[in-house]
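Computed from a prediction, not measured in an experiment: that's the story for all the values here. Nothing fancy with the numbering, it's 1 onward along the sequence.
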Amino acid sequence: MGSAHASSLDTERQDGRSRWRRVRHLFAQPDVLILLVASVIFLGCVVSPPALMDDVDAVQAQIARTMLNSGDWVTAHLDGVRYLEKPPLKYWAIALSYCVFGVHDWASRIPLALATVLLSWVTMRFGAWAFGKKAGFYAGLSLATSIGLFLFTRVLIPDAILTLAITLALWSFARALEESEARPHVWALLMWAALGTGLLIKGLVAVALPAGAALVYLWRTRRLFYHKTWTRLRPVAGMAVLISMALPWHLLATLRNPPYFDFTLHSGPSSYHGFFWFYFINEQLLRYMGLRYPRDYNTVPLVYFWLLHLVWLFPWSVYIPAVSKLSFSPQTRAGSLRLLALCWIGVVLVFFSFSTTQEYYSMPCYPAVALLIGSALDSQSKLVKYGTRVAGAVAALACATVVTILWMVRNLPAPGDIAVALNQNPDIYAAYTLSMGHIADLTLHAFAYLRLPLAVAGVAFFIGAAGAWFFKGNKAMASLAVMMVLFFHAARLALVEFDPYMGSRPLAAALERAPKGQLIVDDQYYAFSSIFFYADRNALLLNGRVTNLEYGSNAPGAPDVFINDQDFARLWLRPDRYYLVAGGMALPRLEKLVGKPALHVVLESGGKYLLTNR
């Protein structure tokens, strides 16, 4: 009996060790590791708080809800006004998420988070096919843990989804041209399907960028005019796929929003030329040329647009010099794909250098840079070792800075919310041209509200610095990756503290608790867009017939939601109950219009006010 029991225990131990080895083997696979790291970052940060921010963040979520509630899946609306600027795929994806999970702010983030995780994995698979498993793993890791990809997915803009479509299109392009590929026609059709998807994500740029990169690459490798090249790319069948995917929505949007075909190149106020003109001529052609009206956007100086990539791709940008030691000869698959990545980067950066530009516009080239960095890291050249030391030095400096700030604010109080400790910038377009423009709002006192995020960031930088200086190879890379994962979650904790300042959710909650009344929003829709989402109601817009809704306000049958100062004063002094959402800097103007005694504060949050006339 004793020996039988001992034998049974030995068998159980062996089974346990065998299961543990299988689990370790599973998580050692590059695919699983990249999916895990990317999921911890991007899916781990969909939780709320932080809430949706005012401006474009809540706008995207509310458009999707309106489509779901109205059943109109063709024409987007904001506050009942037609919003014809963007294609619909991102709205459809968010609406589908609402169908599965319910209408929640975190549910609106799931499609973008999943697309970003998938983008990291596709980049890894692309790199593994082109350069080998280790280089592919480094490519996926460097993309998933780069500052830019995280920063520009904190808002519900579709650029990461666009980048996924472009990356898939160019990978498919490379596979279709590969002589040893067993099924080039499948990859060719996948390329065209990715282009069609891109058209529904962000319009013509989704075709222009990968097509430009592919054509430059074919010209450089002297394959542009080869009959075999175009035979493998299947342009006739491919165009049929692309058109069948993209044409239905564009056609329906044109037919439902006449006039149908207007080609005027003049863009100005108080005019309406239908969907086709606004979407293709005004929003894409004239915007690229800087002639679009309304001009509701700014542009980043060109030198910043180029140099800030060292920040957006940090910490992996320190390895860019090592890329210069690689071969770009098209005679091998690895060299050929490096050349394609170089063409890809060049086309994206040059294309937007001649346009009105935001930093995140260049996101479609991030995977190409990651592929080159992954290939360089696999080489473990001296420049890679120097780069690791540089990354460690930067992390050490950041750690020291965090420790210093924590020491300086150790006795500072943190009453109310962080808005009371921030600098205020009345000219938001000038102050926030750069994506990190809000950094200028920070004061030393503001850091007292950020003690926990700073502590987590300090630990992250310490791990990165120690790993970069004391480890080599995979362990050093793992230390930098862990540093970034922790830093991103520290950033999420910081965004929670910024919630009242960046959004209007507390005002919406107070409005929901208050007696019923008509809501008025001071300024344009975007200024307080999150109150529309969280309160789930429309509003009158005081002096808001500007920027994004100006064009739709001129459409036939547009709702009468725009009022001026005289209209506001007349409504506010009536016996009916009204609520007004306004920024603190607008209060003196409002007091002149209706008198200070007529403005009763319901709630102040983040420097913004919910007021009532009763």
Side-chain angles (χ1 to χ4, degrees), residues 51-86 88 90-91 94-95 98 103 105 108 155-156 253 256-257 269-272 274-275 278-279 283 294 296-297 503-505 507-512 514 516-565 567-568 571-572 576-583 586 608-612:
L52 294 172
M53 290 180 260
D54 290 326
D55 207 282
V56 70
D57 200 27
V59 163
Q60 310 290 342
Q62 185 63 8
I63 287 176
R65 171 192 264 171
T66 302
M67 283 187 166
L68 186 63
N69 291 340
S70 68
D72 185 350
W73 298 91
V74 176
T75 303
H77 293 82
L78 285 174
D79 206 22
V81 180
R82 299 183 195 187
Y83 182 83
L84 305 177
E85 293 188 8
K86 308 297 181 184
K90 58 182 176 294
Y91 309 135
I94 295 172
Y98 290 159
V103 180
D105 49 9
S108 68
V155 180
L156 296 178
R256 292 188 184 183
N257 298 279
S270 303
S271 62
Y272 184 78
F275 165 80
F278 187 81
Y279 181 78
E283 181 62 21
D296 53 1
Y297 53 90
S504 304
R505 186 176 189 176
L507 302 183
L511 182 63
E512 290 292 281
K516 291 184 178 180
Q518 172 67 57
L519 177 62
I520 302 173
V521 170
D522 185 43
D523 204 352
Q524 58 172 308
Y525 184 102
Y526 273 52
F528 301 97
S529 60
S530 65
I531 202 166
F532 291 87
F533 179 84
Y534 288 109
D536 191 21
R537 64 173 72 183
N538 289 339
L540 298 175
L541 298 174
L542 174 56
N543 300 320
R545 194 174 184 176
V546 294
T547 63
N548 303 79
L549 294 189
E550 195 274 342
Y551 184 75
S553 71
N554 299 308
D560 188 17
V561 296
F562 301 97
I563 61 174
N564 56 29
D565 286 345
D567 297 325
F568 166 71
L571 293 171
W572 197 256
D576 305 302
R577 183 179 294 275
Y578 285 88
Y579 294 97
L580 173 68
V581 177
K608 294 164 283 192
Y609 289 81
L610 177 64
L611 307 166
T612 184

For Tyr279 and Phe275, take the angle between the two ring planes, folded into 0 to 90°, and tell me which bin it lands in: parallel under 30, tilted 30 to 60, perpendicular over 60. parallel

List the residues meeting side chain to side chain contact (heavy atoms under 4.5 Å, CB included) with Ala51, not counting sequence neighbours, and say none if there are none. Asp105, Asp499, Arg505, Tyr534

Crowding at CG, Asp576 (>12 non-hydrogen neighbours, <6.0 Å): yes

Treating Glu550 as the side-chain partner and Ser270 as the backbone partner, does any N or O pair qualify as donor plus acceptor under 3.5 Å? yes

Is a side-chain N or O of Asn69 found less than 3.5 angstrom from the main chain of Thr66, in a donor-acceptor match? no

For residues Phe562 and Ser553, report the shortest heavy-atom separation together with the two atoms involved. CE1-CB, 3.4 Å

Does the side chain of Tyr91 reach to within under 4.5 Å of the side chain of Tyr83, using non-hydrogen atoms? yes

Asp522, Asp79, Asp523 screened by side chain to side chain contact (heavy atoms under 4.5 Å, CB included) with Leu541, the one that passes: Asp79

Whether Asp57 side chain and Leu156 backbone form a donor-acceptor pair below 3.5 Å: yes

Can you see which heavy atom on Phe568 is nearest to which on Ile520, and at what distance? CD1-CD1, 4.0 Å

Heavy-atom side-chain proximity of Leu540 to Leu519 below 4.5 angstrom: no

Does a donor on one side chain sit under 3.5 Å from an acceptor on the other, for Asn564 and Asn543? no

Could you walk me through whether Val561 and Asn538 pass the side-chain contact (heavy atoms from CB on, under 4.5 Å) check? CA-CA 9 Å; Val561 296; Asn538 289 339; 6.0 Å; no

Would you tell me whether Asn548 and Glu85 have side-chain atoms, one donor and one acceptor, within less than 3.5 Å of each other? yes

For the residue pair Tyr272 and Asn554, what are the closest heavy atoms and their distance? CB-O, 3.6 Å

Any heavy-atom pair between the side chains of Ser108 and Tyr98 that's under 4.5 Å? yes

Is the Phe278 ring parallel, tilted or perpendicular to the Tyr551 ring (thresholds 30°, 60°)? parallel

Val546: what forms a side chain to side chain contact (heavy atoms under 4.5 Å, CB included) with it, not counting sequence neighbours? Gln524

Test side-chain contact (heavy atoms from CB on, under 4.5 Å) on Arg82 and Leu549; report intermediate values, then the result. CA-CA 8 Å; Arg82 299 183 195 187; Leu549 294 189; over 6 Å; no

Please check this pair: side chain of Ser504 against backbone of Ile531, looking for a donor-acceptor N/O pair closer than 3.5 Å. no

Return the minimal non-hydrogen interatomic distance between Ala539 and Val521, and the atom names on each side. CB-CG2, 4.0 Å

side-chain contact (heavy atoms from CB on, under 4.5 Å) between Lys90 and Gln60, worked out: CA-CA 8 Å; Lys90 58 182 176 294; Gln60 310 290 342; 3.0 Å; yes

Main-chain N/O of Phe533 paired with Arg65 side-chain donor or acceptor, under 3.5 Å: yes

Yes or no on side-chain contact (heavy atoms from CB on, under 4.5 Å) for Tyr526 and Asp54, after CA distance, side-chain angles and deciding distance? CA-CA 6 Å; Tyr526 273 52; Asp54 290 326; over 6 Å; no

Ring-face cation contact, Phe532 with Arg537, 6.0 Å cut, 45° max: no

Indicate yes or no: at least one non-hydrogen side-chain atom of Asp536 is less than 4.5 angstrom from one of Gln62. yes

If I take atom CG from residue Leu542 and atom CG from residue Asp567, how far apart are they, to the nearest 0.5 angstrom? 9.0 Å

Side-chain touch Leu580/Leu610, heavy atoms, less than 4.5 angstrom: no

Which atom names give the shortest non-hydrogen contact between Trp572 and Tyr579, and what distance separates them? CZ3-C, 3.9 Å

Are the side chain of Ser529 and the backbone N or O of Asp55 linked by a donor-acceptor pair below 3.5 Å? yes

Keeping the roles fixed (side chain from Asp72, backbone from Val74), state whether a donor-acceptor pair exists under 3.5 Å. yes

